[in-house]
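Starting from 1, each residue takes its place in the sequence as its number. Computed from a predicted model, the values in this text were never measured in an experiment.
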Amino acid sequence: MEQRHLGRTGLRVSRIGLGTLTWGRDTDEHDAAEQLKAFWEVGGTLVDTADVYGGGESEYLLGRLVENLVPRHDLVIATKAGNVLDPYRRFNGSRGHLLAALDASLDRLGTDYVDLWQLHAFDPVTPLDETLQALDLAVSSGRARYAGVSNFCGWQLAKAATWQLASPGVRTRLASTQMEYSLLQRGVEREVLPAALDLGVGLLPSSPLGRGVLTAKYRTGTPADSRGASERLAPFVEPYLDDPASRIVEAVATAADGLATTALQVALAWVRDRPGVVAPIVGARNARQLAEALSVETLSLPDEICRALDDVSAPVHRYPDQDWSTL
């Protein structure tokens, strides 16, 4: 699998990442092992998790598999901290919480360091310089090799990345930002992506298949074994089952038919090759689903297909987003 630099750093990662959101919860150890082995065998390196995935079970399971199945040095392990299961405080970016969370993650993962440590969300009640100091301490202590953020809007990303570049002392530049990005969700193109491109921050798209909707499996109804049929996950899928989304899915399916491939591969290739994107993070229910996603490595969309998909999914940019001189 092709490798790409993560932002303006020397770290190289596979251009498709393996997501582990459901590991230890909906994905058992056997299926997780099959996925990790298949991913590693085709040259995949970037594996993404978080301390809250499965209440920590995702990290624990990944740690067990790395110990017994795949050499640690062959993987780029990325995890996150700061998203807390507290109804009164959703995000905790305090230095104390973050560093304690990192230590707990390392313990579950069974490793001395993570390759990429990410702030899971912006904490509006903690001073940003305190939050970013936790990243500096994590890297300077060797517990993390690189640092990034997740779910930061445009101004938050720009402020954090600029602080790390401009403040005195030894600071850790932001390598990445992880954000939802797909043909069904192009909001990052307004301000997040321009900021990332300008500041040398690589984009790691989450939900690159529109929460599964861009596979076209919902075109004729809701499959019984899908997320949309799950009581817990149906609200996650439902926003992308409206008429505008259906028109985009139909366009993807039409392109797939013309290219003799699948809707999944077309949608994934589109986001993989967008400017500023380093590696979409793909989560699969089993090894068969993952294999279909990984087979996108051989697919490059023709320019005319890309333009057609751009047009049908184009978000509305109005003042003051980006170039407003023609409004």
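In this structure, Leu21 is not a member of the same hydrophobic cluster as Trp23, with clusters built from ILVMFWY side-chain heavy atoms closer than 4.5 Å. When the side chains of ILVMFWY residues are joined at heavy-atom separations under 4.5 Å, either directly or via intervening members, Leu46 and Val282 end up in two distinct hydrophobic clusters. Following chains of ILVMFWY side-chain contacts shorter than 4.5 Å, one cannot reach Leu75 starting from Leu6, and the two form parts of different hydrophobic clusters. Neither Phe236 nor Val52 shares a network with the other; the hydrophobic side chains, linked directly or stepwise wherever heavy atoms of I, L, V, M, F, W or Y lie under 4.5 Å apart, form separate groups for each. Val192 is connected to Val277 through a chain of hydrophobic side-chain contacts under 4.5 Å among Ile, Leu, Val, Met, Phe, Trp and Tyr, so both are in one cluster.
When the options Arg72, Glu67, Glu59 are evaluated for a side-chain contact (heavy atoms from CB on, under 4.5 Å) with Thr111, the one that passes is Arg72.
Atom CG of Leu62 is separated from atom OG1 of Thr79 by 8.5 Å, given to the nearest 0.5 angstrom. To the nearest 0.5 Å, the span separating NE2 on His120 from CG on Asn92 amounts to 14.0 Å. Rounding to the nearest 0.5 angstrom, the gap separating the CD1 atom in Ile281 from the OG1 atom in Thr20 is 9.5 Å. Atom CG of Asp136 and atom CZ of Arg173 lie 13.0 Å apart (nearest 0.5 Å). Expressed to the nearest 0.5 Å, how far CG of Asp51 lies from CD of Gln118 amounts to 11.0 Å. Atom CD of Gln164 is separated from atom CD of Gln133 by 10.0 Å, given to the nearest 0.5 angstrom.
Checked by atom type and distance alone, the side chain of Asp198 never pairs as donor or acceptor with a backbone atom of Pro194 at under 3.5 Å. No donor-acceptor pair under 3.5 Å is formed between the side chain of Ser58 and the backbone N or O of Gly54. Without hydrogens or angle criteria, Glu297 side chain to Glu2 main chain gives a donor-acceptor distance under 3.5 Å. No donor-acceptor pair under 3.5 Å is formed between the side chain of Arg211 and the backbone N or O of Val237. Under a 3.5 Å cut-off, the side chain of Thr162 and the backbone N or O of Lys159 do not form any donor-acceptor pair. Although no hydrogens or angles enter the test, the distance criterion places no donor-acceptor pair under 3.5 Å between the side chain of Arg274 and the main chain of Tyr181. When atom types are taken as modelled, the side chain of Arg190 and the backbone of Pro315 share no donor-acceptor pair closer than 3.5 angstrom. Put simply, the side chain of Ser14 never gets that close to the backbone of Met1: no donor and acceptor are under 3.5 Å apart. In this structure a side-chain-to-backbone donor-acceptor pair under 3.5 Å is missing from Arg285 to Asp31.
Partners of Pro302 by side chain to side chain contact (heavy atoms under 4.5 Å, CB included), not counting sequence neighbours, listed by chain and number: Leu259, Glu304, Ile305. The side chain to side chain contact (heavy atoms under 4.5 Å, CB included) check on Ser206 picks up Gln178, Glu180, with sequence neighbours excluded.
Contact annotation: the side chain of Leu116 never approaches that of Ile77 to less than 4.5 Å [non-hydrogen atoms, C-beta and beyond]. Taking the side chain as every heavy atom from C-beta outward, Glu130 and Ser94 approach each other to under 4.5 Å. Put simply, the side chain of Tyr218 reaches to within 4.5 Å of the side chain of Leu241, judged on heavy atoms. Contact of the Leu98 side chain with the Trp117 side chain is registered, since non-hydrogen atoms from C-beta on lie closer than 4.5 Å. Using a 4.5 Å heavy-atom threshold, the side chains of Asp310 and Trp270 count as touching. In this structure, the side chains of Tyr146 and Ser176 stay at 4.5 Å or more apart for every pair of heavy atoms. For the pair Val76/Arg12, no side-chain contact is recorded, criterion being any heavy-atom separation below 4.5 Å from C-beta on. Using a 4.5 Å heavy-atom threshold, the side chains of Leu119 and Leu135 count as touching.
The two residues Pro71 and Trp40 make their nearest non-hydrogen contact at CD-CZ2, 3.7 Å. Scanning both residues, Gln265 and Glu292, for their nearest heavy atoms gives NE2-O, 3.6 Å. When every heavy atom of Pro168 is checked against every heavy atom of Arg171, the shortest pair comes out as O-CD, 3.7 Å. Heavy atoms only, all atoms of each residue included: Thr9 and His5 are closest at O-ND1, 3.1 Å. Between Leu199 and Ala161 the shortest heavy-atom distance is CD1-CB, 3.7 Å. Summarising the geometry of Val266 relative to Thr261, their closest heavy-atom pair is CG2-CG2, 3.7 Å, with the distance given to 0.1 Å.
The stretch residues 85-105 participates, sequence neighbours left out, in these salt bridge (Lys or Arg N to Asp or Glu O under 4.0 Å) pairs: Arg89-Asp123, Asp103-Arg143.
Atom NZ of Lys217 is surrounded by more than 12 heavy atoms from other residues, nucleotides or ligands within 6.0 Å. Within 6.0 Å of atom CZ in Phe91, more than 12 heavy atoms from other residues, nucleotides or ligands are found, so the atom counts as buried in its surroundings.
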Kindly determine whether Ser207 and Gln185 satisfy side-chain contact (heavy atoms from CB on, under 4.5 Å), including the steps that lead there. CA-CA 9 Å; Ser207 295; Gln185 178 51 271; over 6 Å; no
Passes side-chain contact (heavy atoms from CB on, under 4.5 Å), Leu193 versus Leu203? Steps please. CA-CA 7 Å; Leu193 192 51; Leu203 180 63; 3.8 Å; yes
Could you please spell out the steps behind the side-chain contact (heavy atoms from CB on, under 4.5 Å) verdict for Leu309 and Leu301? CA-CA 10 Å; Leu309 294 175; Leu301 298 180; 4.3 Å; yes
Can you check side-chain contact (heavy atoms from CB on, under 4.5 Å) on Ser182 and Leu214, steps first, answer last? CA-CA 9 Å; Ser182 73; Leu214 286 167; 4.0 Å; yes
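Between Lys80 and Asp48 there is a salt bridge, since a side-chain N of the basic residue sits under 4.0 Å from a carboxylate O of the acidic one. With salt bridges taken as basic N to acidic carboxylate O contacts below 4.0 Å, none links Lys37 and Asp74. Taking a cutoff of 4.0 Å between a charged side-chain nitrogen and a carboxylate oxygen, Arg145 and Asp115 do not qualify as a salt bridge.
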